[in-house]
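Below: the structure, in structure tokens.
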Amino acid sequence: MSATNVVVIGRSQFTMGYRHQQEWSWLITTAFFLGNVGAGLFLVSYATGLSLGAGIGLLIVGVGKSAAHLLYLGRPERFLRVIVRWRTSWISRGLIAMGLLLVCGVVYLARYLGASFVPHDVTVAFGVAAVIAAVVVMVYDGFVLKASRGTPLWNTYLMPVLALFYALLGGTTLTLVVQAGSGATTHAQLEWLEIALLALNGVLVGLVIVTAQARQAAVQAAVALLTRGPMTRVFLGVAVGLGIGGTLALVGVSIATGSVAALAVAAVTDLCGHFFVFFSLLRVGLHPPLRPLPQPVAGHGAQAGVSR
Amino acid sequence: MTRWGMVIDLARCIGCNACTVACKTENGTPPDHYWARVYTEERGTFPDTKVTYVPALCNHCEDAPCVTVCPTGASHQRADGIVLVDRDKCIGCRACMVACPYGNRFFLRKRDLKTGYYGERTAYEDAKWKWFVGGTVTKCTFCVHRVDKGLEPACVVTCPTEARIFGDLADPESRPSVLIRKRNGKQPLAEMGTNPSVYYVE
Ligand code: SF4
Ligand code: SF4
């Protein structure tokens, strides 16, 4: 399917065609992104014993992600109701995990912040609980997308896998930056992990595109918009080209020369790519037409590949 | 156990949109909230063209993804299959809108209730909009306030061609059940696995 065959009807409620999901855009991408990189930073910092990184990770989740969610909600004052439906809703589960991560993470870090009265065993137990919660925060938005049956592009287990590995990548990137910035011991393995994760995420993004051919028409239509339509520059140029290709090159330079500047630029390109992968996937979320679509009738409104 | 549902007869619909207006009048929905509406579907190329009018509304799906994803319990399903939103519980996260394959949910921005259809709110809008809460999601209720009194939904009683037929899908002898059986009724986007309570016959 080519992008020029995709009839997107935008906000019209009286014309048959693919409808863009119009609701989740910048703010939800920001909330997902900050949750991913914050929890990822906490996890990787925990694994490498970098308490400063773990603390920054908690701040990103606690302040950044929370703020993005609250700004988005229609009734933010009812925010606490979000935990009610944990049995069926991944949003509930994710937000509960977020609360656990913050509480357990703060207790875990308390000793490092000078609260020496906190027993060692408590620090260990809360650290483990925080790590489990961090993994849920890293992955839950992928499950939220997977559960959205109305948007078939997202309705695949590739989404939680993508969320998990992008979160790990973002966490690794930021851990490298915090290490370099704070003068902490640099773990050479982290740079190689970064390269491996970049390659893996490249493969996962490729799989989303390639597997679309075997899936329903709405998925093919969405992928056509991503690869040959209005989102192509953002998706292929920024998310894939800059975010994966550019970052790979810069991390390679950093490993070869030990350049901190190259590492810093790599962090920017990587985080940009991360944000725009999910932004593009959200923006091309298409709902299928109520009935199989007829061929567009020339000159009668249904404009190819463009919302109206 | 009752399962309320509807059959829409595409051979009868003339695209007059009386149901669209009846729904707006009955429920006083704000601008751009079309709980009932009629799609125009064009097939073929001139001079061999065919227009079909396809009335649509919430399908009150048995396996409703909008209910599953709702984190607050605001979206819920009654025992008779009617899917509703509790406006006092909804936080406006819009996960249900993204999850509904049919585009049958509408977000009500707070500012949308400030002015009426024509700038200033009318007495009618003042009266009807008491039921709406800005920052929440709205959807077709199958006219639950009428159904609970033994009446049919407003779109059904208004339709001049009787293209919308309402009844109990759990009763094999109800009008919708018989029509579905005899005329091979089809659910919209059945492949989504939502098991809609609305069927189409052609
Ligand atoms: S049509 Fe949409 S809003 Fe209505 S029950 Fe089904 S999924 Fe929910
Ligand atoms: S917008 Fe309201 S009804 Fe919809 S999922 Fe969120 S809380 Fe539930």
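Basis for what follows: all heavy atoms, side chains included, without hydrogens, waters or symmetry-related copies. Below, read A as the first sequence line, B as the second, and so on, with proteins coming before strands; counting in each chain starts at 1. Remember, predicted model here, so these are calculated numbers, not experimental data.
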Side chain / backbone / both / neither for [X] at chain B, heavy atoms under 4.5 Å:
{"X": "A/P289", "result": "backbone"}
{"X": "A/W154", "result": "side chain"}
{"X": "A/I83", "result": "backbone"}

Choice from [options] maximising heavy atom contacts with chain A below 4.5 Å:
{"options": "B/D32, B/I91, B/T40", "answer": "B/I91"}
{"options": "B/A56, B/P188, B/A74, B/C93", "answer": "B/C93"}
{"options": "B/V69, B/T136, B/T52", "answer": "B/V69"}
{"options": "B/G193, B/A99, B/G103, B/C96", "answer": "B/A99"}
{"options": "B/D88, B/V98, B/L108, B/T68", "answer": "B/V98"}
{"options": "B/E191, B/R37, B/K186, B/K89", "answer": "B/K89"}

Check each atom of [X] against the heavy atoms of chain A and say whether the ones under 4.5 Å are side chain, backbone, both or neither.
{"X": "B/K110", "result": "side chain"}
{"X": "B/N59", "result": "neither"}
{"X": "B/T194", "result": "both"}
{"X": "B/C100", "result": "backbone"}
{"X": "B/Y53", "result": "neither"}
{"X": "B/V137", "result": "neither"}
{"X": "B/R87", "result": "backbone"}
{"X": "B/F107", "result": "side chain"}

| Is it true that B/E162 and B/R164 make a salt bridge, defined as a side-chain N closer than 4.0 Å to a carboxylate O? |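 Answer for the salt bridge query: no.
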Would the [X] and [Y] ring centres measure less than 6.0 Å apart?
{"X": "B/F142", "Y": "B/F166", "answer": "yes"}
{"X": "A/Y18", "Y": "A/H287", "answer": "no"}
{"X": "A/F279", "Y": "A/F235", "answer": "no"}
{"X": "A/F14", "Y": "B/Y34", "answer": "yes"}

| Any side-chain donor paired with an acceptor under 3.5 Å for B/S174 and B/D171? |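 No - no donor-acceptor pair under 3.5 Å links their side chains.
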| query | Does the side chain of B/N27 pick up a donor-acceptor pair with the side chain of B/K128 at under 3.5 Å? | reply |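 No.
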| query | Does the cation-pi check pass for B/K139 over B/F106, that is, NZ or CZ under 6.0 Å from the six-membered ring centre and within 45° of its axis? | reply |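 Geometry flag: not set, cation outside 6.0 Å or 45°.
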| message | Under 6.0 Å from the ring centre and within 45 degrees of the ring axis: does the NZ or CZ of B/R94 meet both conditions for the six-membered ring of A/Y72? | response |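 The answer is yes, since B/R94 meets both limits relative to A/Y72.
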| said: Looking only at heavy atoms and a cut-off of under 4.5 Å, which of A/H69, A/R87, A/R85 has the most pairs with chain B? | reply: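 Highest number of pairs under 4.5 Å: A/R85.
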| field | Pairs of heavy atoms under 4.5 Å with chain B: top-ranked of A/T151, A/L290, A/I91 | value |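 When all of A/T151, A/L290, A/I91 are compared, A/L290 has the most.
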| request: Please report the C-alpha distance between B/M192 and B/L189 in whole Å, then the side-chain angles of each, then the deciding distance to 0.1 Å, and finally whether the side chain to side chain contact (heavy atoms under 4.5 Å, CB included) criterion is met. | output: CA-CA 6 Å; B/M192 293 278 175; B/L189 299 175; 3.9 Å; yes
| query | Parallel under 30°, tilted from 30 to 60°, perpendicular over 60°: which one fits the rings of A/F275 and A/W26? | reply |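 If you compare the ring of A/F275 with that of A/W26, the planes turn out parallel.
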| request: Any chance you could lay out the side chain to side chain contact (heavy atoms under 4.5 Å, CB included) test for A/L73 and A/F79, step after step, and finish with the verdict? | output: CA-CA 8 Å; A/L73 292 183; A/F79 179 71; 3.5 Å; yes
